[in-house]
Number of protein chains: 2
Amino acid sequence: MPAEPLSRPRIVAAAIDLIEREGADAVSMRRIAADLGVGVMSLYNHVPNKSALLDGVAETVLSQIEFSDDPDADWTDRVRMQALAFRQIAHHYPRCTMVVVSRQLQSTAGLLPVERALATLRSAGFGGHEAVRILRVFIAYIVGSLLREVGVTPTFAPVHRSDLAVENVDPLLFPQVSGLAPMLVDCDHESEFEFGLGLLIQAIAVQLKR
Amino acid sequence: MPAEPLSRPRIVAAAIDLIEREGADAVSMRRIAADLGVGVMSLYNHVPNKSALLDGVAETVLSQIEFSDDPDADWTDRVRMQALAFRQIAHHYPRCTMVVVSRQLQSTAGLLPVERALATLRSAGFGGHEAVRILRVFIAYIVGSLLREVGVTPTFAPVHRSDLAVENVDPLLFPQVSGLAPMLVDCDHESEFEFGLGLLIQAIAVQLKR
DNA sequence: ACCTGAACACCGTTCAAGT
DNA sequence: ACCTGAACACCGTTCAAGT
């Protein structure tokens, strides 16, 4: 006897909670049902299958991005703010991040950030074709950065400082890696992200002036 | 009675084959054992568990990258060639790509490309700290690009030209997206990849001159 | 309309038994 | 040393039965 009736949003919320608590691998229909105190099959009255549930997770997380756009700001700042807003996902829902970027959404939740980015680029003076290309570059960079931040992509800094793979490497075979081990090991994700973002924005600003 | 004896390489090869034929979701210990004509538990004599098997897949694919480095070439060309070599994974093993980029390897297979990239950047004149930062930017961009190419990350061009999400979007809510639908839909992955790569290389070249 | 248990066809992995 | 079947504790989903 749940206090509130079962519903798609409630099920999605339970999934998000579970992912943040125990990781995406812990998600199962049975487990979520148990968390909600209902039978497994009750879920199927509100969600067609597990895949759709994960789509719901991605949509819900995406729709919570807070874009605070200032139309009067320089376009480079607006692009930067949009990228940073997107990166907030990795802070608010670190363990959902992989789910968000790996789902092929066709809902409006995924289209809104795209619409916004394209509008900003076009207002900066880029043509449609250019804007699309540039957006793709930014998306690739952002997705790749979030995955590293969230520990999916190799960081070369697995767990802790001591007994590290990177630090136990043969200096003769890998002189650079072993020499730069301390730098490879610690990574300020925010400043790394902004560094690459700055490079990209600078590069497309040059592109615009030509 | 298999012709050849069971071995870790043979098991990994079977896994790679299966992934390329039916996708990463199709991988199960039972299925691979069946493909090899042995009992499930026989696999565990050569591989400790499924996770280690997937690590083996990633290592094997990574170790097949062909880096053809010309030490006399301009550093910008060398960086470009290394990035393009990495991208070949997505061509040779499209469905393994997700597995490759999402495994946290500590074997030398993953370290070799890193060593090579750092050496190139340092020979170009970048300091250790800069080289590491720049490498991280490139890795993020490459990983993000490969995931799009392989269909993991949203392309905004799901399946086919007709009946597309992007093309059935409300033009009033999403004027840019619906106006640029044809460009969002078709994507020449190679030229897109090289476009962003060029932007990044140009940006870090500027960085170097300062 | 919503909930549910039983059942089906799967998983990864442990363990004890074989050779 | 290597192989294996039975068993355990899981999966997602279908179906028929309940309210």
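Both backbone and side-chain heavy atoms feed into the values below; hydrogens, waters and symmetry mates do not. Labels below follow one simple rule: chain letters A, B, ... track the order of the sequence lines, proteins then strands, and each chain is numbered from 1.
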Nearest whole Å is fine: how far is dC3(C) C1' from M29(A) CE?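 The answer, rounded to whole Å, is 14 Å.
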Nearest whole angstrom, please: distance from the C1' of dT4(C) to the CG of L36(A).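 Atom CG in L36(A) sits about 15 Å away from atom C1' in dT4(C).
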If you find the nucleotide of DNA chain C closest to G39(A) and the one closest to R31(B), which residue's nucleotide is nearer the 5' end?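 Result: G39(A).
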Pairs flagged by side chain to side chain donor-acceptor pair (under 3.5 Å) wherever residues 89-99 of chain A is involved - sequence neighbours left out: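 Side chain to side chain donor-acceptor pair (under 3.5 Å) check on residues 89-99 of chain A returns Q64(A)-Y93(A).
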Give every residue pair that meets the side chain to side chain donor-acceptor pair (under 3.5 Å) criterion with at least one member in residues 42-52 of chain A, sequence neighbours excluded.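 Only S51(A)-R103(A) qualify under side chain to side chain donor-acceptor pair (under 3.5 Å).
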Who pairs with [X] by salt bridge (charged side-chain N to carboxylate O under 4.0 Å, His left out), at least two apart in sequence or on another chain?
| X | result |
| --- | --- |
| E192(B) | R136(A) |
| R8(B) | E59(B) |
| D69(B) | R78(B) |
| E149(A) | R87(A) |

Are there any protein N/O atoms within less than 3.5 Å of an N/O atom in nucleotides 16-18 of chain C, and if so, which ones and at what distance?
none

Could you name each residue pair satisfying salt bridge (Lys or Arg N to Asp or Glu O under 4.0 Å) that touches residues 38-49 of chain A, not counting sequence neighbours?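 For residues 38-49 of chain A: none.
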Measure from the side-chain heavy atoms of R30(B) and tell me the nearest of dT4(D), dG12(C), dG12(D).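 Closest nucleotide among those given: dG12(C).
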Which residues pass the side chain to side chain contact (heavy atoms under 4.5 Å, CB included) test with A24(B), not counting sequence neighbours?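 Per chain and number, A24(B) pairs via side chain to side chain contact (heavy atoms under 4.5 Å, CB included) with I19(B), V99(B).
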Using distance only, find each side-chain donor-acceptor pair of residues 109-123 of chain A under 3.5 Å and give its atom names and separation, not counting sequence neighbours.
residue	atom	partner	partner atom	Å
E115(A)	OE1	Q176(B)	N	3.1
E115(A)	OE1	V177(B)	N	2.8
E115(A)	OE2	Q176(B)	N	2.9
T120(A)	OG1	Q82(A)	NE2	2.8
T120(A)	OG1	R116(A)	O	3.0
S123(A)	OG	T120(A)	O	2.8

Watson-Crick or G-U stems of DNA chain C, 3 or more pairs, under 3.5 Å, by first number: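 So far as stems of 3 or more pairs are concerned, DNA chain C shows C:4-8 with D:12-16, C:12-16 with D:4-8.
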Taking the side chain as everything from C-beta on, heavy atoms only, tell me whether L105(A) gets closer than 4.5 Å to V100(A).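 Side-chain contact under 4.5 Å: no.
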Strand-adjacent residues in residues 40-54 of chain A, judged by heavy atoms under 4.0 Å from DNA chain D: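 Going residue by residue through residues 40-54 of chain A, the ones with a heavy atom under 4.0 Å of DNA chain D turn out to be V40(A), M41(A), Y44(A), N49(A), K50(A).
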